[in-house]
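These notes are about the structure you will find just below.
Order of the sequence lines fixes the chain letters, A, B, ..., with proteins taken first and strands second; residue numbering starts at 1 for each chain. These numbers come from a predicted model, not from an experiment.
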Amino acid sequence: VSARVRPRAPRPSSWRSPLRGPWLTSALGVVLLAGLPLVFITGLLSNAAYNPWLNGNVALQGRARSPLDFYLFTWPAHPAWLYAVNQGIHVSLGLALIPAIVVKQWSVMPRFVARPTFRSPAHALERLSLVFLVGGTFFEIVTGLLFEEYWVPFHFDFTAAHYYGAWVFFGALLLHTALKLPKMRESLRTRGSLARVLRTDLEHTVPEPPEDPASTPDSLVPSAPTSPTMSRRALLGATAAGSALLGVQGVAQDIGGPVRSLAFLLPRGSDAGTGPNDFPVNGTYASIGLPLDTILKWRLRISGPDGSSLEFTRGELRSRFPQHTYRLPLSCREGWSTTQPWRGVRLADLAAAVGVHGSPAVYVEALDGGTATLAANQVSAEQSLLALDVNGVPISLDHGYPARVIVPDEIAVNCLKWVSSMTFAPVIDT
Amino acid sequence: MSRVGRFYGAQPLHLLASVVSFAIVAGGVAGWFQAGSDPLAIVIWALGATFVFEWILLPLVWALDQIAFGPQWRRAPAGPAAPDRPGAPPPRANRAYVRVPALLSVLLLIVFAPLIFSADRPEFEATTGIVAPDYLARWLLATAAMFVVSAVSYALSLRRVRARK
């Protein structure tokens, strides 16, 4: 008895845009292939800037270490602007690539619903990998944007989730790149040129030439194209304009100063005012619920490894230690930055006061419960300060009065505000 | 290709690349679970973000775009053939000048939605120390500005066309 298999007539595809085709997808692919690895690497570097293996630093706090938590070097303390540039690239480029990702997704939409679902085990693996590629990409975009915009409706730690999400994305990107690179190069070489696309207006826009159905059963070139409603150059131009609109926001909040207001749709596009302390705050004094009495009775406690300790008031810190002023950027992992002249006591001088010479590390605790460990190279850096003043006046409560740490090239979250104690030791490790 | 290769459907190198790739992906997923704080929520967010984007937002924007600017506009009102190219259809009003600013406006709306729709968000002030500016107004202004820029460039292109005649 022969099974009656009704041959299915090929349905005319419902994907009919004449712009779709391997050239368009490849052109967008080149942009993403250049940009996405840079976002990934600057993200890894941003994580390294926490010096995550050191006790009390936010990135690894309370978590077991996984094989993907590897650190090849201690974060440098020079040049002072390095972290600001790294994080500016991470956030700005991440923002700017969103339109290219969206349009590339649109360009391959027919593939999502292609039948048969898989033709071979190899094809099944590829499609499974795409779930992780697309899922990882959108997880990174959405968590990054929500974090950037101070709305965190999810109940997991952003830092860890965004870090491991990047590895999910990157692992899948490696396979996708390896499999698609030959096709991308061939399409760009043989199916068109950017110069020609940029010269072609709407009336002369035609579908890409069809592909051989034997070698490419699920071609992106539509079998029954409609007439175009937009030229390819208009689509690419609109994508580039979207990238510029988003990217400028990120660049402006990182450069700050006169261009800060160009980041008009990001929280750090607004300045608080023109006073000496009116530069961006992350976490106000009001939000930590600290009684003013605690501030008034404040004394800094510094200790050495042998348990000896000293206490100083703000006045004593000023009178007993040489005061130094350095213009240093305060650079947040959110990709914004603000450079101010900070004045205070060198961390190395504080270490020497409790008899720790050479290059000690320091474990810092703050009145709001914050903790951070600064590595030896950061403590010994000439410009590393316990800042008491900024712009010639005492730092404000919101900026960490009575005293805050400022270290060149360090992620702001490790430069604690409202510092209460500092413990110096030759080596501090978890 | 060997029998195994025929069954698998690709070169052995493909399998090797897949193994390396999935090992890294698995490391990332394991990291999520190891990170402690409710891994299920992370997985839901990863799938949810993809689903909402790919199957709701993208088709929605695409459908709205088609309704507003789709092929039904093709049938431009009949007119005399352009004098410089006899027989060619008359030039159509280029809807890109409306469509591009509209799409860019939607892009800004989606990307900055948490701020644009954040009428009452005390955590913004607690974090930044400043009262949240009216991001809805800023978005509307940006939208208006993009349409103005587009209108001006359309006017300039019309003048260029007329100057050529």
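For B:Ile130, the part lying near chain A is the side chain, with the backbone staying farther off; criterion is any non-hydrogen pair under 4.5 Å. Both the backbone and the side chain of A:Leu175 come within less than 4.5 Å of a heavy atom of chain B. Contacts of A:Val103 with chain B are absent, with no heavy-atom separation under 4.5 Å from either backbone or side chain. Contacts of A:Leu179 with chain B are made by side-chain atoms alone, with heavy-atom separations under 4.5 Å and no backbone atom involved. The contact between A:Phe264 and chain B is made by backbone and side chain atoms together, counting heavy-atom distances below 4.5 Å. Only the side chain of A:Leu246 comes within less than 4.5 Å of a heavy atom of chain B; its backbone N, CA, C and O stay farther away. B:Leu115 touches chain A through backbone and side chain together, each having a heavy atom under 4.5 Å away. Both the backbone and the side chain of B:Phe7 come within contact range of chain A, judged by heavy atoms closer than 4.5 Å. For A:Glu126, the part lying near chain B is the side chain, with the backbone staying farther off; criterion is any non-hydrogen pair under 4.5 Å. Heavy atoms of B:Tyr135 lying under 4.5 Å from chain A belong to its backbone as well as its side chain. Neither the backbone nor the side chain of A:Pro280 comes within less than 4.5 Å of any heavy atom of chain B. Only the backbone of B:Ala113 comes within less than 4.5 Å of a heavy atom of chain A; no side-chain atom from C-beta onward does. Heavy atoms closer than 4.5 Å to chain A are found in both the backbone and the side chain of B:Phe112. Of the two parts of A:Val134, the backbone and the side chain both hold a non-hydrogen atom closer than 4.5 Å to a non-hydrogen atom of chain B. Looking at A:Leu68, only its side chain comes within 4.5 Å of chain B, counting heavy atoms on both sides. For B:Leu13, no part lies under 4.5 angstrom from a heavy atom of chain A. Residue B:Leu15 touches chain A through its side chain alone, counting heavy-atom pairs closer than 4.5 Å. With a threshold of 4.5 angstrom between heavy atoms, B:Pro133 approaches chain A through side-chain atoms but not through N, CA, C or O.
Between A:Trp167 and A:Tyr163, the ring planes lie perpendicular to each other; the angle is over 60°, past the 30° to 60° tilted range. Taking the six-membered ring for Trp and thresholds of 30 and 60 degrees, A:Phe40 and A:Phe170 have nearly parallel ring planes, at less than 30 degrees apart. Between B:Trp45 and A:Phe156, the angle of the ring planes goes over 60°, which puts this pair in the perpendicular group of the 30/60° scheme. Ring geometry for A:Phe147 versus A:Phe158: interplanar angle under 30°, hence parallel rather than tilted (30 to 60°).
A distance of 6.0 Å or more separates the ring centres of A:Trp151 and B:Phe117.
Between the side chain of A:Arg127 and the backbone N or O of A:Phe112, at least one donor-acceptor pair lies under 3.5 Å. In this structure a side-chain-to-backbone donor-acceptor pair under 3.5 Å is missing from A:Thr284 to A:Asp398. Although no hydrogens or angles enter the test, the distance criterion places a donor-acceptor pair under 3.5 Å between the side chain of B:Ser21 and the main chain of A:Gly171. A donor-acceptor pair is defined here as one N or O able to donate and one able to accept, closer than 3.5 Å; no such pair exists between the side chain of B:Arg95 and the backbone of A:Met230. Of the possible donor and acceptor atoms, none in the side chain of A:Glu140 sits under 3.5 Å from a partner among the backbone N and O of A:Gly94.
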Exercise. Could you walk me through whether A:Thr338 and A:Arg260 pass the side chain to side chain contact (heavy atoms under 4.5 Å, CB included) test, one step at a time?
Key: CA-CA 10 Å; A:Thr338 175; A:Arg260 184 176 296 285; 3.8 Å; yes
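Between the side chains of A:Gln249 and A:Glu148, no donor-acceptor pair is found at a separation under 3.5 Å.
Considering only heavy-atom pairs separated by less than 4.5 Å from chain B, the leading option among A:Gly165, A:Gly269, A:Ala178 is A:Gly165. Chain A forms more heavy-atom pairs under 4.5 Å with one residue of B:Val29, B:Val131, B:Ile44, B:Thr50 than with any other, namely B:Thr50. Put simply, of B:Ala142, B:Ala23, B:Gly129, B:Gly27, the one with the most heavy-atom pairs under 4.5 Å next to chain A is B:Gly27. When A:Pro67, A:Ser129, A:Ala234, A:Ala286 are compared by the number of non-hydrogen pairs under 4.5 Å with chain B, A:Ser129 comes out ahead. Note on A:Arg119, A:Arg268, A:His123, A:Met109: by heavy-atom pairs under 4.5 Å with chain B, the leading option is A:Arg268. Residue with the most contacts toward chain B among A:Ala124, A:Gly135, A:Gly136: A:Gly135 (heavy-atom pairs, distance under 4.5 Å). Chosen from A:Thr143, A:Leu125, A:Leu128, A:Asp69, the residue pairing most often with chain B at heavy-atom distances under 4.5 Å is A:Leu125. Annotation: maximal heavy-atom pairing with chain B below 4.5 Å, among A:Ser120, A:Pro99, A:Ala122, A:Ser287, occurs at A:Ala122.
Between B:Ala49 and A:Val142, the closest heavy-atom pair is CB-CG2, 3.8 Å.
Looking at B:Tyr154, B:Phe147, B:Phe69 one by one, the single match for ring pair (Phe, Tyr, Trp, His ring centres under 6.0 Å) with B:Tyr97 turns out to be B:Tyr154.
Remark: A:Arg111 is not positioned above the aromatic ring of A:Trp15, lacking an NZ or CZ atom under 6.0 angstrom from the ring centre and at most 45 degrees off the axis.
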